There are 2 protein chains.
Amino acid sequence: MTKLSGGARTKDEATSVNRREQILEAAVVVFAEHGYFKATTAQVAEKVGISQPYIFKLFKNKEELFVAALDRAFDRTIRTFTEVKASGEELLRESIRVYEQMMETHPSEIILQVQALGIRDEAIRRSMQTGMHRVTSLMESKFTAAGIAHPEVEVSTFMANGMLCHIAMALEMPNLKPKHLE
Amino acid sequence: MTKLSGGARTKDEATSVNRREQILEAAVVVFAEHGYFKATTAQVAEKVGISQPYIFKLFKNKEELFVAALDRAFDRTIRTFTEVKASGEELLRESIRVYEQMMETHPSEIILQVQALGIRDEAIRRSMQTGMHRVTSLMESKFTAAGIAHPEVEVSTFMANGMLCHIAMALEMPNLKPKHLE
DNA sequence: TTAGGTAGTGATTAATCAATAACAAATAAC
DNA sequence: GTTATTTGTTATTGATTAATCACTACCTAA
């Protein structure tokens with residue numbers, strides 16, 4: 001086997017870095033399906049194909065695992081919106097488009113964000129706060145750079161409709177989705 | 001003591017109807033503070049001044065208690081918006097006003113609604129669905145009766161901003177509140 | 001060849017809590 | 001004044017599950 005440093009090994013090899021990723025991927029799905037408290041670390045482990053205790057070698061506790069999964073979801077959100085290259089008028093339309101795309105490709109991460117809204121846990125709330133702040137700030141700078149008239153108001157409306165969309169999905173109420181999207 | 005039927009006795013008397021109300025009032029606060037899963041029936045009981053098992057004489061289980069508390073929160077929301085007597089232009093402004101008032105007078109019920117968004121439990125989700133539907137339908141009929149141009153779109157925007165407001169409160173992020181409110 | 005690191009497991013536990021059962025006291029009814 | 005009903009309590013348990021501990025197998029570098 002070739003000598004390799006760090007995490008740059010082949011994909012199916014079990015480095016702890018790979019395991020972390022696998023666990024996170026499973027955790028997002030399990031947490032989204034059952035909710036933070038009902039989901040068990042055993043379910044996550046089973047999905048990955050490892051033993052339940054091993055999760056605690058890579059994550060300090062269940063809370064930290066959830067926070068890491070949540071951060072992952074926000075990372076994707078940020079990345080998705082960052083990649084939007086559109087100017088002026090089209091920025092809003094294009095942002096909505098990629099958002100809707102993300103709802104289809106990564107529904108569990110959306111559900112996770114909705115769940116985190118209601119969890120009263122300190123660490124999770126902080127993670128949620130910074131996540132929301134990151135998205136808001138990003139959109140504000142993009143809207144401003146695009147020369148949109150009242151960026152603050154537009155971003156606020158964008159976030160409001162985005163959250164209503166999230167909620168419609170989490171509650172399985174398609175009729176609740178923002179109306180002017182069509 | 002006068003013989004009375006139903007729940008129309010003096011307030012400090014311990015009829016099961018009164019107890020139900022007391023328990024619900026306490027439950028709203030306890031659930032809002034700790035979240036559905038972390039909150040214990042013992043905490044609710046302590047706040048009322050009764051024993052923990054007695055709660056199960058009046059509510060089948062914890063889930064039913066939460067659902068009853070949630071329904072109560074939506075009942076108030078509905079009542080609040082129903083009482084708005086304003087026509088045309090002013091309906092929206094007045095609706096926002098009473099909503100903001102409710103956020104100050106009954107914050108726990110708002111928090112409860114946000115929490116319920118993320119709970120994956122069947123019964124709770126159904127209750128949340130009908131709650132959201134009731135509010136949406138009510139506002140739609142009011143907006144329509146007031147002769148507002150595109151009632152569906154206006155209601156959707158109203159709901160979106162309302163939910164963002166809820167979220168801003170639950171996350172303690174005042175900056176997240178809809179911008180055009182000021 | 002041995003010393004050390006990485007990846008992983010099985011067994012267990014300590015704590016928590018919803019829910020039940022069995023009992024008691026007060027109130028109302030006849 | 002005795003019976004029935006409502007209102008409540010104490011004691012207890014059954015189930016769940018995050019987290020720890022002690023241990024093994026394997027690889028690799030000197």
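Owing to the predicted nature of the structure, the values given are computational and were not obtained by experimental measurement. Each chain gets a letter, A, B and so on, in the order its sequence line appears, and its residues count up from 1.
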Check ion pair [X]-[Y] (N to O, under 4.0 angstrom):
X: B/R126; Y: B/E122; value: yes
X: B/R97; Y: B/E94; value: yes
X: A/E33; Y: A/K38; value: no
X: A/E25; Y: A/K47; value: no

Could you state the [atom1]-[atom2] distance from [X] to [N], rounded to the nearest angstrom?
X: B/F59; N: C/dT20; atom1: CZ; atom2: C1'; value: 18 Å
X: B/K38; N: C/dA18; atom1: NZ; atom2: C1'; value: 17 Å
X: A/Q52; N: C/dA7; atom1: CD; atom2: P; value: 19 Å
X: A/N61; N: C/dA14; atom1: CG; atom2: P; value: 20 Å
X: B/Q43; N: C/dT16; atom1: CD; atom2: C1'; value: 12 Å
X: B/F56; N: D/dG8; atom1: CZ; atom2: P; value: 16 Å
X: A/N18; N: C/dT6; atom1: CG; atom2: P; value: 15 Å
X: B/I50; N: D/dT9; atom1: CD1; atom2: P; value: 7 Å

Starting the side chain at C-beta, find the nucleotide from [options] nearest to [X].
X: B/P53; options: C/dA21, C/dG10, C/dA18; value: C/dA21
X: A/K57; options: C/dG8, D/dT10, C/dA11; value: C/dG8
X: A/T40; options: C/dA18, C/dG8, D/dA18; value: D/dA18

Tell me whether B/V44 shares a hydrophobic cluster with B/V29, the cluster being built from Ile, Leu, Val, Met, Phe, Trp, Tyr side chains joined at under 4.5 Å.
no

Quick one: label B/A45 by what it contacts on the DNA or RNA (base, sugar-phosphate, nothing), any heavy atom closer than 4.0 Å.
nothing

Considering every strand and a 4.0 Å limit on heavy-atom distances, what is the contact class for B/T41: base, sugar-phosphate, or nothing?
sugar-phosphate

Taking for B/G49 and for A/A39 the nucleotide of DNA chain D with the nearest heavy atom, the one nearer the 5' end belongs to B/G49

Could you go through A/F158 and A/F81, starting from their C-alpha distance and side-chain angles, then the distance that decides it, and tell me whether this counts as ring-ring contact (aromatic ring centres under 6.0 Å, His included)?
CA-CA 12 Å; A/F158 178 76; A/F81 286 132; 5.6 Å; yes

Any sub-3.5 Å donor-acceptor pair from A/Q115's side-chain atoms to A/F31's backbone N or O?
yes

Taking only N and O in the side chain of A/Y54, is any of them less than 4.0 Å away from OP1 or OP2 of C/dG8?
yes

Give a yes/no answer on whether the side chain of B/R19 brings an N or O atom under 4.0 Å of OP1 or OP2 in D/dT6.
no

In residues 62-71 of chain B, which residues come under 4.0 Å of DNA chain C by heavy atom?
B/K62

